[in-house]
Structure formats: C-alpha cells, structure tokens
Amino acid sequence: MPKKPYYITTAIAYTSGKPHIGNTYEVVLADSIARYKRFVGYDVRFQTGTDEHGQKIEIKAFENLSTPKEFVDEVSTEIKNIWDLMNTSYDKFIRTTDEYHEKQVQKIFKKLYEQGDIYKSEYEGMYCTPCESFFTPSQLVDGKCPDCGRECQPAKEEAYFFKLSKYADKLIEHINTHPDFIQPESRKNEMMNNFLLPGLQDLCVSRSSFKWGVPVDFDPGHVVYVWIDALSNYITGLGYDADGVSDELYRRYWPADLHLIGKDILRFHTIYWPIMLMALGEPLPKQVFGHPWLIQSDGKMSKSRGNVIYADDMVDLFGVDAVRYFVLHEMPFENDGVISWELVIERVNSELANTLGNLVNRTISMANKYFDGVITNAHDVQSVDDELKKVVIDTRLKVNTCMDKLKVADAMTEIFALFKRCNKYIDETMPWALAKDPDQSDRLNTVLYNLVESIVVGATLLEPFMPETSAKILKQLNAEKRRVTELSTFGLYPSGNKVTAEPEILFARIDANAMLDEIERRFPSKVVEEVVEEEKPKKKERPELKIPTVEAVVKGEITIEEFGKMQLQMGEILSCEAVKDSKKLLCSQVQVNGRVLQIVSGIKNYYSPEEMVGKKVVVITNLKPTKLAGVLSEGMLLCAEDFEGNLALLTAEKDMPAGAMIS
RNA sequence: GGCGGGAUAGCUCAGUUGGCUAGAGCACAUGGUUCAUACCCAUGGUGUCGAGGGUUCAAAUCCCCCUCCCGCUACCA
C-alpha cells in the first residue's frame, strides 16, 4: 500500500539575527511531529527555511557594513546550523532569496494582478498627511480621512493592493466548516471577531520605500510585500508554478497537512495566506497551529540585558536531547511555557538522569551482574508482570492519541510514565532478592527480560522526540528499533541477546550550584543596575520570528514654509498620570512659556507617570486640540520609534528652558 | 473601548454532559529498599475550588454580579 503524504512546515525564520531558544523550539516541535508521522507510516515532507527580505534587513545589513545579500547569507547559514545542531530532520530548507522562489513570487504577483485581485492604487486625495496613513477608496468617509476627518492629499507613493474582501465570505465559510483549521481553537475567535466579521480591509502588498525585496517585474521601483513573498514559500518550495506547470512534488504534497507557526503570526496564515491561495485557485492547508511561546519568567534573563538563552549554548551545557526534551515537554498546548536555567537543570536531573538514565543503567548492571549480560526469556510469569505489560502495550495508543491532537508534551509524559512503571516493576519484583536464591533463576531471567523488552518499546516511542537517546538506549540493549506494527506485541526482544558490558551514562546528574556558577561565568548577567525598576511598565519579550515590521513611509517633499507652520518647542512636564480606561495613554501637564498644555500620549508602556515628571521634551504646540479616550489633548510629545515599536521621547542635547523654540 | 479566555494544594496545572471522602506532577515530610547516576518504591497533608448571590436533592462544574489576570483588537496628534 502506498504511503500517504504528510506535508508539515514551520514558519520561515526571519534573518534579522540569531534565533534564540524560543524560536528554535518551533523547529524542534515540527521535527518531533515529522519524525512521529514517518514512524507511523506517512510519506513525510518537512520544510523549513529563512525569510530574508524587508526593510529591517536592509537596515541591519547597512549597520553591519555589508550588503543585504551578504548579511542574509551569513544569518541564514547560522540558522541552518542551529537547526542541524538540534538534529532536526527537515527535507527542505528554503530561502526566500532562492532564485526559483523569487521568480515564482513575481509570477504569483503578476497573476493576481492580471486577474484583478491585486490593483494599483492611484492615491489621489487618499493620503492623510497628519495621520501618515494611506487609505483605499472604500475606507474613506465622505472622501475624507476616516480617522481625523480631514482632507486627504494626493501622495507621491503608489502601491498595489490586494482585494481581500472579495474572498472574505468564502474564508468565513471555510473556517466554519473546518473546525480544525485554526488551532488552538481560541485563536479562531480572535481571527473571526477582529478581522473577518468586522470586514476585511484591502491589504497593501507592495513597497517602494526600500529596495530589498522581490521586485515587481512589471513595475520597477516596487517590491513585493514581505508577507506575500514569505507565505509563498510553502508552495514554491514544492515547485509550484503559477503558470500551471508545477512539479510532481507539488501535486503530491499540497495542500499542506500542517503549518506550524508562532501564535503571533496566525493572522497572516489564517487570513492572508488562505485568501492568496483561493485567488490562485489552489486548495487551502488543512491545519494551522499557532503554538505558544517559551518565555523567561522572572525577567532575570532578557534580551535587553544581553543574556538571552540560545539553543547552541544550551546544547553545549546539556546536550541536544536534553534541550529537545525540555522545550518539547515544558511547552503546554495553549499557554506559554517558562524557561530558566534552574528549570532545565531540575528537569534534566529528575526526569532524564533519575527516571530514564538510571533505569537503563540499573537494568543493564543487573543483567551483567547476574547473567553476564545475557537476556533470556525463561517464561516464568507471575501476575505482577501483567500490569507492566499492559502499560507498555497501551502507551503506543496513548501517544498516538496525544500526537493526533498535537499534544506533544503530553505524549512525552506518557512515554515517561512507561519508564516510571519499569522502575516500579523493579521494586515489585526485587531482582536482587531473586538473585540470592538459585531456584529463582528462571524468574530472575524473566524479570530482566520483561524490563529490557519494556525499555526497547519505550526507546522506540521516544525516537521522534529524543532520537539520539533512543538510539543510544537501543544500542546498549543490543536491540533494533521496533516498527510501529510490532508495538502491540510484548516479547519480541530476541531471547539470548546480550546487552552491553559497559553501560554508558545517558544523562549525568547535574550539580545545580556548580552548573549555575558555570553559567554565570559564561553568561554573566548584567544585573542589578535596575533595582528601582519595580513599577516600571515592562515590555514582554517576544520571539523575533517573523514579527511584521512597519516600513517607514517616504513622504513627499515639503518647503521650508511648510515646515515653518509647525510650532516646535521645548516643554517641561510638570505632572503626569495614566489615563483611566486606557492601556497605553499618559496625560501630561506640559509647561511651555507661560502656558501649560495638557497632552495625551500613547507611551504608557515605555514611561511611568513618575519618571515623566521633570523631563524636558520636544512638543508640537500648535496642533489642533483633540480628544483621546475622552481626554483633551492640546499638542504632541515627539518620539522616536524603532522596529519593535519601542518609543523614546526626544529631548535637547543641552539643557534648554521650557518654551525654547525649535527650528 | 470591543471580542475572547482565565482565577483549583507552596509551584505548574487536570477536572469530560452538575453526582460518591476535589485529583496529577514537582517540591516538602516520613517509611522501605540497595540492582542503580545519594537512585528507586510506598505513604502523607492543608485546598473558604478568586469574592458575593441564585437555580438544584446535589455546583469547582449552570445563571447573575463584583474583583483581579491574560490574549487579540482599536486608540496612542
């Protein structure tokens, strides 16, 4: 019988820098599923890769004194090396700078344009300068800016737009009739309630403010929006062709069975991507799973303090399979998982060293001590054996149930329950007592045989999650990995086989204090400087895997007179408080000359009201007053904003009095 | 502000359509054991099941209200 195809993908990693353990987790998770599916008999194709375009990369490369291509070559290689280090069994590593990919992206874009799903906007009267926003005709209210109600101006920049709304009803229908399409299910509501049901807005799918992207071949000066580019990887990696001459691979593996992605990019995968596919006339992926994140709980380790945890450092300290075990087992299905060095050490000691490693070690030691390593099934069966056998046989089904629901952590727990049951069996049967009585030799043989057999089954099931450890155990027991069809039978280990004479420690117990000292030596925490930080609003660490960035808009030329219309002045913040019922707004009383202006700003996530007081900042003082969250705001505090959306207030380079003019 | 999800043992959580003395793992304590990596096995406890009210023979579970947390989204002049 021919194998059924199974196509699984991860998100492609954004090549803006080295991925940390939270990003790496995704590939390991995908790998465990891919390996499991292969084991149970699927013809698996597992694709991952790197997403290499966009303005952010253009800038990073520039800062790095290299060309974008040189930069992404380097980072992509680094990412691939980490994926390899983690022992991930991908079949295809795609790069969005690969020629065949870029070519297809151009074709896809062109096809959508030619069939009218993508259109070029003319922008006359559709750019609202104060709002710095572009609007499509459908968004305008009476021809005016839907945000501020002011006249919109013709803009210099043209762009292409994708008519998402055309396919919205079809997508809603699809989501409703395919309850497993979006996982976990709670995310489905978010997509429906926030985007689909209120009505989709057309998506701007080209950029002309920077160059590092796939050029729109029929309109030089525009590059394809990075998401259109990135999402296409799932089909271009299979040899999809927009002109209809796709490879055999594509016909075999598409539609994908599972897109595994971070929960932060679910919107792109459950709205934009399906609509793209509908427009192309291709079937939709069967399932998109937005997994949670691994986060650092106490803030002791955070990027800003330069001590993020990286996969390669962890592997160096603990070994590949310990890291795989940790990330797979600690990550729940729906909530974020927590990672810290202490937790890793604790798990390695209690589960890997104690439960599993010690079990294998003590079993082999007894076999050597009592029978020179020869394992014989003497068939001296007692009723206590039954429960062990039942657990061993049942584990395969339990694991399967978990894996079908993508509950990888639970599947691992089942496998370790098998190992724990083995430990209990040893206590129940007391081999050391049997060894003292020559008449019990058959019984002792049988007990050891049952143990070895059980461990072989466990090791087989462990392979998708900890391939190296699985192989090591089987080797020490001189056994072959079982086939899936053999797992319902107990007693296939060849009687008379000999286990290794020198059992190797699988996982050494870790001295927590010594290890933590070593970690501190290698990755000194920059510590304590921020003692007073307590109440400071904290920004949560997010993985960098594919956070969409907003490219800076290139604005049209203005005259000095136009600039002169803005009244910029230094202002001193006299007092400041949070705006009630608002998550981001602070309301400041700002002194400028003799006046005190009340200004509302969306900076609560970056500044506390207390620390605002006394600051001298740059203010636009002649901005038309407006109400924000019901509070009057009579100006604007100027801020710089980086790619992550972090804000910093502007101040003068030397101390200047409140009211000082800026020109 | 809108939509959604949570609040259960010291910690992380499970509790299916309301039903027997509310569970698991970790941690802790005691006992056992010695084949093994100071390991393994057994036993144990406190829970106002976030607060209050209601429906019911019966509520952690259903309804109302309150408090707090989280996610997405809007706003962030």
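Quick note on labels: first sequence line is chain A, next is B, and so on, each numbered from 1. Predicted model, so just to flag it, every value in this text is computed and none were measured.
Rounded to the nearest 0.5 angstrom, A/S663 OG and A/Q567 CD are separated by 11.0 Å.
Of the residues near RNA chain B, A/E351 and A/L359, the one whose nearest nucleotide (by heavy atom distance) lies more toward the 5' end is A/E351. Along RNA chain B, the nucleotide closest to A/Y370 and the one closest to A/K424 are compared, and the more 5′ of them pairs with A/Y370.
Among the atoms of the strands shown, base atoms are found under 4.0 Å from some heavy atom of A/L506. Across all strands, A/N361 comes closer than 4.0 Å to base atoms (heavy-atom distances). Within 4.0 Å (heavy atoms only), A/T413 reaches no atom of the nucleic acid at all. Looking at heavy-atom distances under 4.0 Å, A/K263 makes no contact with the nucleic acid at all. A/M636 comes within contact range of the sugar-phosphate backbone alone, with a heavy-atom separation under 4.0 Å but no base atom that close. Within the 4.0 angstrom heavy-atom criterion, base atoms lie near A/D427. Among the heavy atoms of the strands, none lies under 4.0 Å from A/S186.
For B/A7, the paired nucleotide is B/U67, the pair qualifying as Watson-Crick or G-U wobble because both relevant distances are below 3.5 Å. Nucleotide B/A51: unpaired (no Watson-Crick or G-U wobble partner with both distances less than 3.5 Å). With a cut-off of 3.5 Å on both Watson-Crick or G-U wobble distances, the partner of B/C72 is given as B/G2. In this structure B/U34 sits in no base pair that meets the Watson-Crick or G-U test at under 3.5 Å. B/G45 is unpaired under the Watson-Crick or G-U wobble criterion, no partner having all donor-acceptor distances under 3.5 Å. B/G23 is paired with B/C13 under the criterion used here, namely a Watson-Crick or G-U wobble arrangement in which both key atom distances are under 3.5 Å.
Computed from coordinates, the A/R509 CZ to B/U37 P distance equals 12 Å when rounded to whole Å. Per the geometry, CZ belonging to A/R267 stands 17 Å off C1' belonging to B/G4, to the nearest Å. Remark: C1' of B/G25 and CG of A/D410 are 12 Å apart, rounded to the nearest angstrom. Whole-Å rounding puts the A/I426 CD1 to B/U37 C1' distance at 13 Å. Counting to the nearest Å, the C1' atom of B/G6 and the CZ atom of A/R187 are 13 Å from each other. Between A/R347 atom CZ and B/C11 atom P there is a gap of 17 Å when expressed in whole angstrom units. Across the protein-nucleic acid pair, A/L352 atom CG and B/C40 atom P stand 12 Å apart, rounded to whole Å. Remark: P of B/C3 and CG of A/L266 are 21 Å apart, rounded to the nearest angstrom.
Environment of CD in A/Q598: crowded, with over 12 heavy atoms of neighbouring residues, nucleotides or ligands closer than 6.0 Å.
Spacing between B/A24 and B/U8 at atom C1', rounded to whole Å, works out to 13 Å. Remark: the separation of the C1' atoms in B/G10 and B/C3 is 35 Å, to the nearest Å. On the P atoms, B/G47 is 23 Å away from B/C62, given to the nearest whole Å. Comparing the same atom, C1', in B/A74 and in B/G2 gives a spacing of 8 Å after rounding to whole Å. B/C68 and B/C57 have their C1' atoms separated by 35 Å, given to the nearest Å. When the C1' atom is used for both B/C28 and B/G15, the distance is 24 Å, rounded to whole Å. For B/C11 and B/G1, the P atoms lie 30 Å apart once the distance is rounded to whole Å. Comparing the P positions of B/A51 and B/A38 gives an interatomic distance of 45 Å, to the nearest angstrom.
Among the nucleotides B/C35, B/C41, B/G4, the one closest to the side chain of A/N193 is B/G4. For A/E190, the listed nucleotide lying nearest its side chain is B/C72; candidates were B/U37, B/C72, B/C40. With B/G25, B/C40, B/G4 as the choices, the nucleotide that has an atom nearest any side-chain atom of A/N189 turns out to be B/G4. With distances taken from any side-chain atom of A/F195 to the nucleotides B/U73, B/A42, B/U37, the minimum falls on B/U73. For A/E346, whose side chain is taken as the heavy atoms from C-beta onward, the closest listed nucleotide among B/A27, B/U34, B/U37 is B/A27.
Aromatic ring orientation, A/F419 versus A/F416: perpendicular (interplanar angle above 60°, classes split at 30° and 60°).
At a threshold of 4.5 Å between non-hydrogen side-chain atoms, the residues A/V348 and A/F326 do not count as touching. Here the side chains of A/L418 and A/V392 are in contact, with some heavy-atom distance below 4.5 Å.
Taking only side-chain nitrogens and oxygens, A/K369 comes nearer than 4.0 Å to OP1 or OP2 of B/A36.
Closest non-hydrogen pair, A/G22 versus A/L294, comes out as CA-CB, 4.2 Å.
A donor-acceptor contact shorter than 3.5 Å is absent between the side chain of A/S588 and the backbone of A/C576.
For a distance-only test at 3.5 Å, the side chain of A/N194 qualifies as a donor-acceptor partner of the base of B/G2.
A salt bridge links A/R421 to A/E387: one of the charged nitrogens lies within less than 4.0 Å of a carboxylate oxygen.
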